[in-house]
Amino acid sequence: MSAGSSSSPAKVPPQPDVSRGAVATTWRAVVTGLLLYLAVELAFFRTGLHAWIAKPASSAGWTARRCLYESMLRPLDERPSILLLGDSTMGDCCAPQLLQERIGTPDLVVRDAAIPGTGPMVWPFVVAAIAPPNRRTLVVVGVTSFYEDLSLEAPGGSAEDLAFLPLLAGIADAPDIAASMPAGALRHDAWLQLLSKTYAWRRDIRDLLVAPLERYQQVRDMFRQLRWGAPYAGRPGDLVGARVEAGRVVLPFEAPQIAAQLQQVVFAPRISHPGHERLWFGRLASVTAALGGQLVVVRVPTQVLPRADGAAGRPRAIFGELAGRSQVHVLDPALFADLERPEYFYDALHMNRLGRQRFTERLADTLRQRFGAVLTR
Amino acid sequence: MEFHSFQFFGFLLLVLGLHYALPKPARRWLLLAASYWFYGSWDVRFLGLILLSTSLDFWLALRIERETAPAPRRRWIVASMVLNLGILGFFKYTNFFLGNFCVLTGADPAHWLLPIVLPVGVSFFTFQSMSYTIDVYRGHIAARRSFVDFALFVAFFPQLVAGPIIKANEFFPRFDHWRAPADRDLQRAVTLVLVGLLQKAALADNLAPVVDAWFDTHDAKGFLPAATAVLAFGLQIFFDFAGYSNIAIGTALLFGYSFPVNFRQPYLALNVAEFWRRWHISLSSWLRDYLYVPLGGNRGGAWRTQRNLMVTMLLGGLWHGASWNFVIWGGLHGLYLAVHRVWRPFAAARLGERITASVPYRLVAWLLTLAAVGLAWVFFRCRSLDQSLHVVGQLLAPDRLGDSLLPLPWLGVIAGTLVVAWLADRRALFERLDRLHWFWRGVGFAGLLFLLTVFAATEGHVAFLYFQF
């Protein structure tokens, strides 16, 4: 604290004369600033230009890979096509090349569009981004959550869903997406992300600015892998010996994370959000129908160990509703039930190489039998 | 309704639009109504408190002015002090004293502590109101005849909840000779608001999780985690409060009210006295004018000056919060100032200007000042004396080095910020920017907006730190 004299009457500081012309320069600068911001927003983020350098391992990067890079390398066209949709469990249990060979339809194109971490809110946007209008298109969506123990009317969206949407959703989608988020910060965030793509891509931009060289290498490696790398063949390993003892999952090896996940699979109640599912599965069916294609819903095997209560649970209402729509087919949920065994999984949710082969063969046979005519007409 | 919320900017645009659309006489009413709305948005119950405080001080100032004899004038100013300090004391310090009473007597705090909610901004508006009655008492300003004018001075929303503390003799001359903001003012206002938002949302709020995680858990042991946590907190509180002040000053300027600067690159100070001429300037000048100088200032010899400094800083510490940690923080700064006061003439006499003006001396002085301020921040940030001593122990007697909590990019940001601060301080950076062509200023605004969009911390809301005071 410096010593000083006590306060004295202050004088009014001289102020420059106000002229409207002079004041206008600040507003010109403000408007210029806003226009420049909008220009960057439109040029880089709304055109999808930034997506070409998105972080490959991120949610948005995965979306860019499926919807942008792979579409560029292997575009879907007027040939018969199968689009495999879902999260990482679908990506692990279905082998596109094997499916294509086993179905045997000439010129058939099978595209893996499964994106790890996604849910029904993201899938309609993926289909709209990838698939051109084509009556010989099957959109096969693999769902892990088929049964429910209790249902909640609360919105079922999450921050994870939002992370996939910067590239795919536009302002027109904002009301539905925001309404699907729990009230509060997340709903507010959904609006912001859809109004400003710069904001939606902010985490990706931060990472890019912090380590641009690393990003360059990651993107380069991913493109190399896409162009010349061997296709994904599935993961080795299995859970043979996994069992439930005294209310706890026991594994034959030390893997606490897998054990904890299996504990959920066996014991946790399965919660559904019917309103959320109705909206987004409904949107998926509508988008597929608008292309002229057929939507096929497949229950992906994830029940590595039987449920502790022994009950299968009741199928979610949405699948009954979908089954009633034209151009939508819900396959028998027990179709792959015999594959739900520890020897077909490498972790608590994902099928291993052997499970992948078994699942794909059976799916191919089913699709050939039921939709062979659709694919060849 | 905080400054870094969309609600606030919606509110601001509405009030600005109405302000310039309405005829001049109606503008004061509009601003008062908007200010009460803003204050009520925090907690409508507190409106009664601010109205009561304002009404009584308005009336007391008129009584002080009307009286010509010293004794009744003194009586009325004492009444004003009792009123303002009574409000502050009741809401802020009652439970502090009761808690200490319980500790001393072993009484059960559950029976003694009162369910008191601290009204937001009470420390700021009571000080502001007090400055008015004191200035009227001293004859520096005339008592206002218009209640609306005075109520607006107390409640003007840009600075109501966390300052800057505007003194009556600074506010009313500008208020009485109000002129529409000039181009330069508007440009500075927009820049201040954007820079303030960036300081708060992109810098302070991104440092908050680092600081909170370490101070709440102390998981990482060693000198470097402790030192970087203290450094991070020092930066967080600066960016938080300076950001708030910049938004407040910028917002006021949009309405044509020019407030004095509240922070002037405080971490470039070469001694603690200089630090206080740069940090929370409105509070330090308030304490100087209304506490230090009335105590005798530096007029009673060395010992009395030291005593006055210490009393001022201890009370300044207590103003920040009802906790012994704040008292210790103030006491440490009082001690630093006392040491500096002894050292300054000694260094001038023994070392000479050639050494004290040299770069190495200044560098050492700067680092020592940073270290001293940082050490005091430990007591400011910690919740208890035990926790503070634990942190100080890690800083002063490290048994191991540990790892920095701040990754390399953060250290780059800190270095960049210091360079900008240095340029602003020594090379009049902002005055140079003022002279830029409007297009380049627009590019600058776009850049600030882009940085704000990308770097604003959006994961979890962090309130302005000074709201708790």
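So that the names make sense, note that chain A is the first sequence line, chain B the second, and so on, each numbered from 1.
- A distance of 10.0 Å separates OG1 of A:T26 from CG of B:L254, quoted to the nearest 0.5 Å.
- Taking 4.5 Å as the limit, some side-chain heavy atom of B:L186 sits within range of a side-chain heavy atom of A:W27.
- Ring pair B:F6/A:H188 is perpendicular by interplanar angle, where above 60° counts as perpendicular and below 30° as parallel.
- The OG1 atom of A:T198 lies 11.5 Å from the CG atom of B:L451; values are rounded to the nearest 0.5 Å.
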Expected list for residues 211-222 of chain A: side-chain donor-acceptor pairs under 3.5 angstrom, two or more places apart:
from: A:R215; atom 1: NH1; to: A:I53; atom 2: O; distance (Å): 2.8
from: A:R215; atom 1: NH1; to: A:D204; atom 2: OD1; distance (Å): 2.9
from: A:R215; atom 1: NH2; to: A:D204; atom 2: O; distance (Å): 3.0

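- The heavy-atom pair separating A:L36 from B:A446 by the smallest distance is CB-CB, 3.7 Å.
- With a threshold of 4.5 angstrom between heavy atoms, A:L209 approaches chain B through side-chain atoms but not through N, CA, C or O.
- Annotation: maximal heavy-atom pairing with chain A below 4.5 Å, among B:F439, B:W438, B:F275, B:W440, occurs at B:W438.
- For A:L192, the part lying near chain B is the side chain, with the backbone staying farther off; criterion is any non-hydrogen pair under 4.5 Å.
- Residue A:F44 qualifies as open at atom CZ: its count of foreign heavy atoms under 6.0 Å is 12 or below.
- For the pair A:R202/B:F455, no side-chain contact is recorded, criterion being any heavy-atom separation below 4.5 Å from C-beta on.
- For residues 441-455 of chain B, the set of pairs meeting the side chain to side chain donor-acceptor pair (under 3.5 Å) definition, not counting sequence neighbours, comprises A:Y37-B:T453, B:Q187-B:R441.
- Side-chain contact between A:T32 and B:F445 is absent, with no heavy-atom pair separated by less than 4.5 Å.
- If you measure heavy-atom distances from B:V443 to chain A, the contacts under 4.5 Å come from both the backbone and the side chain.
- For A:V30, the parts lying under 4.5 angstrom from a heavy atom of chain B are both the backbone and the side chain.
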